[in-house]
Amino acid sequence: MVTKEKAARTGNEAMAEAMRQINPDVVAAYPITPATEIVQIFSGYVADGLVDTEYVAVESEHSAMSACIGASAAGARVMTGTSSQGLMLMAEVLYIASGMRLPIVLAEVNRAISAPINIHCDHSDTMANRDAGWIQLFSENSQEAYDNMIQAVRIAEHPDVSLPTMATTDGFIISHGMEAIELISDDEVQKFVGKYQPAHPLLNVDKPITAGALDFTDYYFEHRRQIAVGMANAPKVIARIGKEFGDKFGRYYGFTESYKLDDAEVAIACLGSTAGTARVAVDNLRSRGVKAGLLKIRVFRPFPAEEIANILKNVKAIAVLDRSDGLSNFGGPVFNEIRSALYDLPSRPLVVDYIYGLGGRDIFVADIEKVYQTLSDISKSGKIGDLVQYLGVRE
Amino acid sequence: MAELLEIRWHGRGGQGAKTGALLLGETVVSTGKFMQAFPDYGPERMGAPMKAYNRISDAPITVHCGVTSPQVVVVLDPTLLGKVDVTQGLPDNGVLIINTPKSPAEIRTQLSLKGRKVYTIDANKVSTETLGRAIPNTPILGALAKVTGIVDPKTLLDDTRHKLEKKFKNKPEVIEGNLKAISRAFEEVRSE
């Protein structure tokens, strides 16, 4: 029987606690609202001697990720945390981390991108870096933030994957919201993550390697292809680790989570904290006889296209809630990928997109119920109306 | 207790409304209930009006939006009355707990309040006399426990002692002061 301790933790505290229990070799970080607390709390653990980590305080997020890359290439288990503009400043080096196949774990707090300056939640920062070759795990609440951080280490470091991984929470809503969570004991976390065995550490002088080399037309394509292979291998690993985590600690994790979808005629798909609010909307609608369901996407990279198509194949009308706007004049990123995933179905559900919650604009149960109402109309009439709409904006 | 109890805290930046909500949340978790505690962040300025919230339930809480119609409103700073609409969304049977030397009747007149139940506690006086400083959130927690029954007085005292013993090992007077502040609030909170 595993030890379970019920505790009150904000998302940031939960992520910092997971980092303490993982006890990485190196953390290099630069503070940014609303992620600051994660590395601030962790630096306290370093100062108090509760971890063996070498903490590198740097002068920017670009430097933070660069230091992480150096340490990871050397063979260390490496973690950091950031948000918003911080992730954007890291962007250049995020690609280098994945290109060098370095299993760095990043605690990312979803926050809007300037301009205008805004410190609140949306998914623009994470979505802007969705093609960076990082695995992306979204968390609905503090518990999932904690659990995702622990699993992220195993996923990233798996030799078949060897890709950096970010676990995200929704800024302020989860990062600063306190909830009751179950903690795992330090020992059990240590046992679960195990000891990191880097395949090609730079510091192994017996087997010298070159890291960060130049590829011309001769090898660049092959090396980029290998990253795609790592990403293609990730689903099996993510599934296995999610199951192992569940077997050990009682909370199972997959790529998506279905809520009352079995007989659903209308469904919403979304990521992060909104899934919790949507669950209440589904319950309300079910009590009124509406066959509503919810699909929460936990893993956005790699994108679980086949699973999503399989789950949603019998739904009549779907609304995707996008907490970022691709500004493509063709809907947000989650919408585009889900709609594409459904293309090969023999009979395709109708799909619409709602861009919502930018810059922390709150989304209430009633807002989500209205979306379901529209979906019921779409399902009856067979007409979608506007393909992309903006939910909760003043126009 | 209602299926889902929602509380809104009004205070000024730096007064401890967020801390009050978090402390209440921690205590509630220790009783095995589910809870959320979160601030309403605007620009963070010392002295500016701010809000914090609690949700408390016997069942897991999944909703992650703001609280719009709380059953209980706590006002840490009486100078907010008249400047901030502390009764917004508070239903007719809702509860107002206000840190003020005034009586509930005086507050009812001041706010031209219809319906709701008003409780007052001079939390500044209690905390000044027990802790040496005006830190209203500790006595307010006592008043909140007494009025709403979210946690029983003994649980609140035991949990507070447990929490403070970790933090103030070498300052027993801080622990005793806080416990006394809570106990006095149980006695001194005034109802209509």
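Letters A, B, ... are given to chains in the order of the sequence lines, protein chains preceding strands, and every chain is numbered from 1. All values below were derived from every heavy atom in this structure, side-chain atoms included, with hydrogens, water molecules and symmetry-related copies excluded.
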Measure A:A278 against the heavy atoms of chain B and call it side chain, backbone, both or neither at under 4.5 Å.
neither
Should the heavy atoms of other residues, nucleotides or ligands under 6.0 Å from NZ of A:K296 be counted, would the total exceed 12?
yes
Chain A contacts, top residue of B:C65, B:P39, B:A52 (heavy-atom pairs, under 4.5 Å):
B:C65
For chain A, which candidate among B:P60, B:G66, B:A21 shows the most heavy-atom pairs at distances under 4.5 Å?
B:G66
Please report the closest heavy-atom contact between A:A8 and B:V29, naming both atoms and the distance.
CB-CG2, 4.0 Å
Heavy-atom cut-off 4.5 Å, strictly under: side chain, backbone, both or neither for B:S30 against chain A?
neither
Using 0.5 Å steps for rounding, measure from the OG1 atom of B:T62 to the CG atom of A:D283.
7.5 Å
Counting only heavy atoms not in B:K163, do more than 12 sit closer than 6.0 Å to its NZ atom?
yes
For atom NZ of A:K260, decide whether the heavy atoms of other residues, nucleotides or ligands shown that lie under 6.0 angstrom number more than 12.
yes
Is A:R288 atom CZ crowded by more than 12 heavy atoms from other residues, nucleotides or ligands, each under 6.0 Å away?
yes
How far apart are the C-alpha atoms of A:E179 and B:I61, what are their side-chain angles, what is the distance that settles it, and do they pass the side chain to side chain contact (heavy atoms under 4.5 Å, CB included) test?
CA-CA 9 Å; A:E179 298 180 300; B:I61 305 165; over 6 Å; no
Among A:T274, A:T277, A:I363, whose side-chain contact (heavy atoms from CB on, under 4.5 Å) with B:H64 holds?
A:T277
Is the CD atom of B:Q88 crowded by more than 12 outside heavy atoms at less than 6.0 Å?
no
Most contact-rich option vs chain B, by heavy-atom pairs under 4.5 angstrom, among A:H176, A:R9, A:E140, is A:H176
State, to 0.1 Å, how close B:F38 and A:G177 come at their nearest heavy-atom pair, and which atoms those are.
CB-CA, 3.8 Å
Within a radius of less than 6.0 Å around CG of A:D48, do more than 12 heavy atoms belonging to other residues, nucleotides or ligands occur?
yes
